Q: 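Take a look at the following structure, please.
A quick note: this is a predicted structure, and the numbers were derived from the prediction, not measured. Values reported hereafter were calculated over all heavy atoms of this structure, with side chains retained and with hydrogens, waters and symmetry mates removed.
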Amino acid sequence: MNSWRVTKYNPLHRNNEGSYLYDDWTSFHGVGDKVSLVNYLRVEEAYIQAIVAFMNDMNINTVYIHALELSSNEILNQHTADFTSNLWIGKGISIEEVKELAKLTLREVVWCKLGIKNLFFVHFGYDYYMYIGTNSNCHGARESVESLGLYVEEFESPY
């Protein structure tokens with residue numbers, strides 16, 4: 001299985017231990033303080049499109065929820081109860097649902113792991129880190145993601 005870390009963080013700005021050296025926003029909660037809403041939404045959409053690029057490259061239309069945690073306060077704050085009430089571990093979800101679930105994960109409303117056993121996965125980490133794995137090299141998807149302004153680094157998911 002190939003595994004990549006997909007982030008907004010330029011790998012040239014990491015120290016020898018891999019830590020990012022610059023002070024940058026790391027979550028949706030930085031909107032208004034560390035990042036404008038416009039810039040946040042642009043990056044969020046790039047992450048979502050990165051998932052779609054890999055799914056399209058793999059000809060995948062449905063993935064399964066492998067792990068799911070809901071933040072009840074954030075569900076209320078973001079008015080997402082209708083969507084989140086229909087989620088459960090093991091549920092197959094479409095690309096459109098993946099896009100919505102990824103948005104909610106990036107906004108820290110939920111945390112999830114998505115995938116298809118031995119074929120594809122998407123894991124979300126702290127500080128706006130995302131991990132994608134496939135059983136293919138997905139060269140086209142990786143190029144597409146980099147054209148969105150994100151960085152794709154070979155990296156094993158810690159999740």
Side-chain angles (χ1 to χ4, degrees), residues 1-11 18 20 24-29 31 35 37-71 74-75 78-159:
M1 194 81 154
N2 299 295
S3 184
W4 301 278
R5 176 172 60 190
V6 177
T7 71
K8 64 186 187 80
Y9 308 109
N10 186 332
Y20 194 67
D24 199 355
W25 63 271
T26 59
S27 82
F28 178 69
H29 300 291
V31 171
V35 63
L37 180 60
V38 169
N39 284 338
Y40 173 84
L41 292 173
R42 180 185 53 75
V43 173
E44 177 185 82
E45 183 61 23
Y47 274 65
I48 293 167
Q49 289 308 311
I51 298 167
V52 171
F54 277 94
M55 288 180 70
N56 287 341
D57 200 313
M58 296 288 297
N59 294 312
I60 294 172
N61 297 313
T62 302
V63 297
Y64 297 88
I65 300 172
H66 290 209
L68 180 65
E69 295 175 13
L70 306 174
S71 170
E74 286 302 315
I75 287 170
Q78 303 255 345
H79 309 289
T80 62
D82 287 345
F83 179 75
T84 56
S85 66
N86 291 312
L87 300 175
W88 61 85
I89 294 173
K91 180 180 182 179
I93 59 174
S94 69
I95 288 179
E96 287 306 310
E97 292 169 309
V98 167
K99 290 161 75 172
E100 182 66 18
L101 188 53
K103 178 179 83 171
L104 295 176
T105 303
L106 293 167
R107 293 183 182 190
E108 300 176 17
V109 175
V110 303
W111 176 82
C112 67
K113 290 169 49 173
L114 307 173
I116 300 173
K117 189 173 185 176
N118 300 321
L119 186 65
F120 175 82
F121 70 76
V122 176
H123 300 162
F124 297 89
Y126 294 104
D127 297 338
Y128 234 78
Y129 281 76
M130 183 168 71
Y131 304 90
I132 295 180
T134 68
N135 70 352
S136 171
N137 75 5
C138 290
H139 183 72
R142 289 184 286 139
E143 283 186 344
S144 175
V145 170
E146 289 175 353
S147 75
L148 295 168
L150 299 178
Y151 300 93
V152 181
E153 305 166 82
E154 286 187 31
F155 200 91
E156 291 295 318
S157 170
Y159 302 97

Q: Any pair with a residue in residues 87-97 that passes side-chain hydrogen bond (donor to acceptor under 3.5 Å, both in side chains), sequence neighbours left out, goes on the list, sorted by first then second residue, please.
A: Ser94-Glu97, Glu96-Lys99
Q: Could you tell me whether a side-chain N or O of Asn135 sits under 3.5 Å from a main-chain N or O of Met1, the two making a donor and an acceptor?
A: no
Q: Which residues pass the ring-ring contact (aromatic ring centres under 6.0 Å, His included) test with Phe83, sequence neighbours left out?
A: none
Q: List in chain and number order the residues that pass side chain to side chain donor-acceptor pair (under 3.5 Å) with Tyr128, two or more places apart in sequence or in another chain; answer none if no residue qualifies.
A: Tyr40
Q: Using the ring-ring contact (aromatic ring centres under 6.0 Å, His included) criterion, which residues pair with Phe120? Sequence neighbours excluded.
A: none
Q: Got Ile95 and Val52 here, is their nearest side-chain heavy-atom distance under 4.5 Å?
A: yes
Q: Spell out, as yes or no, whether a donor-acceptor pair under 3.5 Å connects the side chain of His66 to the backbone of Leu114.
A: no
Q: Return each pair, listed once, that meets salt bridge (charged side-chain N to carboxylate O under 4.0 Å, His left out) where at least one residue sits in residues 133-152; pairs must be two or more places apart or across chains.
A: none
Q: Can you list the residues that meet the side chain to side chain donor-acceptor pair (under 3.5 Å) rule with Asp127, with sequence neighbours excluded?
A: none
Q: Any salt bridge (charged side-chain N to carboxylate O under 4.0 Å, His left out) pairs touching residues 102-112, not counting sequence neighbours?
A: Glu44-Arg107, Glu100-Lys103
Q: Does Phe124 reach the side chain of Leu106, with side-chain heavy atoms less than 4.5 Å apart?
A: yes
Q: Enumerate the residue pairs fulfilling side-chain hydrogen bond (donor to acceptor under 3.5 Å, both in side chains) with a member in residues 109-126, sequence neighbours excluded, ordered by first and then second residue.
A: His123-Ser157
Q: Under the rule for side chain to side chain donor-acceptor pair (under 3.5 Å), what residues qualify as partners of Tyr131, not counting sequence neighbours?
A: none
Q: As a quick check of understanding, evaluate side-chain contact (heavy atoms from CB on, under 4.5 Å) for Ile48 and Val98, giving each step before the final call.
A: CA-CA 8 Å; Ile48 293 167; Val98 167; over 6 Å; no
Q: Taking side-chain hydrogen bond (donor to acceptor under 3.5 Å, both in side chains) as the cut-off, I'd like each qualifying pair that reaches into residues 49-63, sequence neighbours left out, listed once.
A: Glu45-Gln49
Q: Are Met55 and Val63 side-chain neighbours, meaning at least one heavy-atom pair lies under 4.5 Å?
A: yes
Q: At their closest point, which heavy atom of Ile51 faces which heavy atom of Ala102, and how far apart are they?
A: CD1-CB, 3.6 Å
Q: Please identify each residue that fulfils side chain to side chain donor-acceptor pair (under 3.5 Å) with Glu153, with sequence neighbours left out.
A: Arg5
